[in-house]
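When a ligand or atom number is given, it counts from 1 through the structure's own listing order.
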Amino acid sequence: MALKPDDMVCFCFHVRLRKIETFCRVEKPLHASQISDCLSAGTGCGWCRPMLKHIHLRICGEHIPDWRKSPEANIPEAVALKTDFLDALDVQNWAAGRQRHISEGHGKPPKDQ
Ligand code: FES
C-alpha cells in the first residue's frame, strides 16, 4: 500500500507526508536537504532522507545548476523513473525498515525517543 498523506515519513520528528508535501509546494526548496527546515525532518537517524529526496523530486523537480545543464540531458525521463518509488512503497515495510536502519547502527534517533 502506497504512502498516504497522514502516514509518517520522519519518525524521529513525527513529520507526516502531508506536512512535507505542503512545505515543498509553498517553500519550493531548491534542495531536498532544505526540507529539514520543516520540523527538522531528516535530521535525526537519517532513515527518511531518501524518502525526502523522492518527495522533493516529485514536487519540486530536480534543480540543476546552470553549470551542469547540457542540451543532451533527458531530465523528464529521469524524474519519471524516480517518482515511481513513492507509488510502489509499502508503508509497513517503510516503518520496519527504519528500525532495521537504527539497529544496524546506520543512524541514531534523537535522544527523546
Ligand atoms: S526517521 Fe527521519 S531522521 Fe530519523
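At least one donor-acceptor pair closer than 3.5 Å links the side chain of Gln34 to the backbone N or O of Leu30. Side-chain N or O atoms of Trp47 include none that pairs as donor or acceptor with a backbone N or O of Gln99 at under 3.5 Å.
With respect to Arg18 and Asp6, a salt bridge is recorded, a charged nitrogen being found less than 4.0 Å from a carboxylate O.
The heavy atom nearest to atom 2 (Fe) of ligand 1, out of those in Cys48, Gly44, Cys45, is found in Cys48.
The shortest heavy-atom distance from Gly46 to ligand 1 is under 4.0 Å.
Distances below 4.0 Å separate heavy atoms of Arg98 from the following atoms of ligand 1: 1 (S). Short contacts between ligand 1 and Phe11, defined as distances under 4.0 Å to a heavy atom of the residue, involve ligand atoms 1 (S).
Atom 4 (Fe) of ligand 1 has no N, O or S atom of Cys10 under 2.8 Å away, backbone or side chain. Residue Cys12 counts as close to atom 4 (Fe) of ligand 1, with an N, O or S atom under 2.8 Å.
When side chains are defined from C-beta on, Val15 does not count as touching Met8, because their heavy atoms never get closer than 4.5 Å. Counting heavy atoms from C-beta outward, Leu3 and Met51 have side chains that approach closer than 4.5 Å.
Of all the heavy atoms of Arg49, none lies under 4.0 Å from any atom of ligand 1, so neither backbone nor side chain is involved.
Summarising the geometry, atom CD1 belonging to Ile55 is positioned 10.0 Å from atom SG belonging to Cys38; distances are rounded to the nearest 0.5 Å.
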